[in-house]
Amino acid sequence: MKTILVTGGAGYIGSHTVHELVNQGYNIIVFDSLEKGHKNFLPDGVKFFQGDVGNIEDLNKVFSSNKIDAVIHFAGYIEAGESMVNPLKYFHNNSAKGITLIKAMNDNGVKNIMFSSTAAVYGNPKRVPITEDHETNPVNHYGASKLMLEKTLETSKVQGISSIFLRYFNAAGAGYGIGEKHNPETHLIPIILEVASGKRDHIKLFGTDYPTPDGTCVRDYIHVLDLASAHVQALKQLEKGKSGIYNVGTGKGYSVKEIINICRNVTGKNIKVVDEKRREGDPPVLVASSLKAQKELNWQPKYDINDIIKSAWEWHKKENIIN
Ligand code: UFG
């Protein structure tokens, strides 16, 4: 049985992936600081180590006491908006600490890593849907901090490290009885659902003057369960020592206004919207071509935007005990 170390495995995408990997028969060790993660999101019986990916002693302890076949590195900060006001927080956590992890892996003879990268590495795309060979030119420091780790991993190939980068588009939805829960919450769909459930009065609409059909930003929302299954497929490639970059999205874009309307339909609630100015660092359109992942990883997204929002709403109601 293969043993996989999952950093950030108690986070939103990490914990869904851990459930999926356990179902596929992998032996999982979750390594998470619990600064953002939720230990109760993990399946029963999964080995857990509380530690920081920037702490070489913590890492050496885990690597030296387990035979680890591969690492999946989810741990990181994820807010594009916050990265514009606190870039050092992002470069320290996402880039510098990530390099510590790669060094610890290498020192301990672990040579395979899958890295949670992001659509934010592309910046304002010149062509949509975005293919993996599109130039990278991030417009927020979050994307830049992730790109820096991609580049470090690319150069680490000379030291025998194989790496797969999954560039996620907008993860959303819920599965395995767990869902999207950030503190503070800044993501579109959970915030809209908080308005629907009465936890918030309104949603702030960040920018209505973008060069898009209705003036609001367009994103490619992918069900977190589809993201989780992409990891399982990519792991099979990594186990063969293969490297690669894959966009993980659906190929369909929805504007912020469209998402609000779908949430109105799914929840049956009126959602109050207040127009605000643009949030710094938001590209107008991010939509994936995931044909490469479909072909090379033998992976297909199964869920559409209604499934995503329905699952998120069901989980939100259960979590907040709303009828
Ligand atoms: N938005 C609002 N109001 C809000 C929250 C968001 O109008 O209260 C808008 C944003 O301005 C943006 C869109 O909704 O146009 C989506 O915003 P999110 O914060 O939900 O997501 P982002 O697109 O900023 O970023 C997310 C993840 C990143 C990932 C990126 C990839 O947070 O980790 O998707 O596309 F890299």
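Order of listing sets the numbers, starting from 1, for every ligand and every atom in it. We use all heavy atoms of the structure for the numbers below, so side chains are in, but hydrogens, waters and symmetry mates are not. We count residues from 1, following the sequence as given. None of the values given here were measured: they were computed from a predicted structure.
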Protein residue, atom and distance nearest to atom 4 (C) of ligand 1, heavy-atom basis:
Phe206 CE1, 3.4 Å
Under 4.0 Å to a heavy atom of Tyr168 - the qualifying atoms of ligand 1, by number:
31 (C)
Can you pull out the closest protein heavy atom to atom 13 (C) of ligand 1? Residue, atom name and distance to 0.1 Å, please.
Val256 CG2, 3.9 Å
Ring of Tyr210, cation from Arg278 - is the NZ or CZ under 6.0 Å from the centre and inside 45° of the axis?
yes
Side chain, backbone, both or neither: which applies to Ile203 and ligand 1 if a contact is any heavy-atom pair less than 4.0 Å apart?
side chain
To the nearest 0.1 Å, how far is atom 36 (F) of ligand 1 from its closest protein heavy atom, and which atom is that?
Thr118 OG1, 2.2 Å
So which protein heavy atom does atom 11 (O) of ligand 1 come closest to, and at what separation?
Asp282 OD2, 2.6 Å
Between Asp58 and Gly51 (side chain of the first, backbone of the second, donor and acceptor by atom type, cut-off under 3.5 Å), is there such a pair?
no
Heavy-atom neighbours of His92 NE2 exceed 12 at 6.0 Å
no
Give the atom numbers and elements of ligand 1 that come within less than 4.0 Å of a heavy atom of Ala119.
31 (C), 35 (O)
Proximity of Tyr142 to ligand 1 by residue part, where a heavy atom lies under 4.0 Å
side chain
Are His231 and Tyr168 close enough that their ring centers fall under 6.0 Å?
yes
Atom 32 (O) of ligand 1: nearest protein contact (heavy atom, Å)
His187 NE2, 2.7 Å
Hydrophobic cluster membership, Val121 vs Phe169, 4.5 Å side-chain cutoff:
yes
I need the contact type for Arg279 against ligand 1. Using non-hydrogen atoms and a strict under-4.0 Å cut-off, is it side chain, backbone, both or neither?
side chain
Applying side chain to side chain donor-acceptor pair (under 3.5 Å), can you list everything that pairs with Tyr122, at least two apart in sequence or on another chain?
Arg167, Asn247
Run down the list Ile189, Leu188, Asn170 and name the one with the heavy atom closest to atom 34 (O) of ligand 1.
Asn170
Distance from atom 16 (C) of ligand 1 to nearest protein heavy atom, with residue and atom:
Tyr221 OH, 3.8 Å
Numbering the atoms of ligand 1 from 1, which are under 4.0 Å from a heavy atom of Thr186?
5 (C), 19 (O)
Going by the 4.0 angstrom heavy-atom rule, the piece of Lys204 near ligand 1 is backbone
With Lys181 as the cation and Tyr12 as the aromatic partner, state whether NZ or CZ is under 6.0 Å from the six-membered ring centre and within 45° of the axis.
no
Closest protein heavy atom (residue, atom, distance) for atom 15 (O) of ligand 1:
Cys217 CB, 3.0 Å
Looking at Tyr246, I'd like to know if the NZ or CZ of Lys292 sits under 6.0 Å from its six-membered ring centre while staying within 45 degrees of the ring's axis.
yes
In plain terms, say whether Asp220 and Lys252 are close enough for a salt bridge, that is, a side-chain N and a carboxylate O under 4.0 Å apart.
no
Starting from the C-alpha separation in whole Å, work towards a yes-or-no answer on side chain to side chain donor-acceptor pair (under 3.5 Å) for Lys36 and Asn183.
CA-CA 7 Å; Lys36 302 278 183 186; Asn183 187 16; over 6 Å; no
When only distance counts, is Phe169 in polar contact with ligand 1, meaning an N/O pair under 3.5 Å?
no
State whether the shortest distance between N or O atoms of Arg219 and N or O atoms of ligand 1 falls below 3.5 angstrom.
yes
I want to know if ligand 1 touches Leu286 in the polar sense, i.e. an N/O pair below 3.5 angstrom.
no
I'd like to know if Glu239 and Lys2 make a salt bridge, using a cut-off of under 4.0 Å between side-chain N and carboxylate O.
no
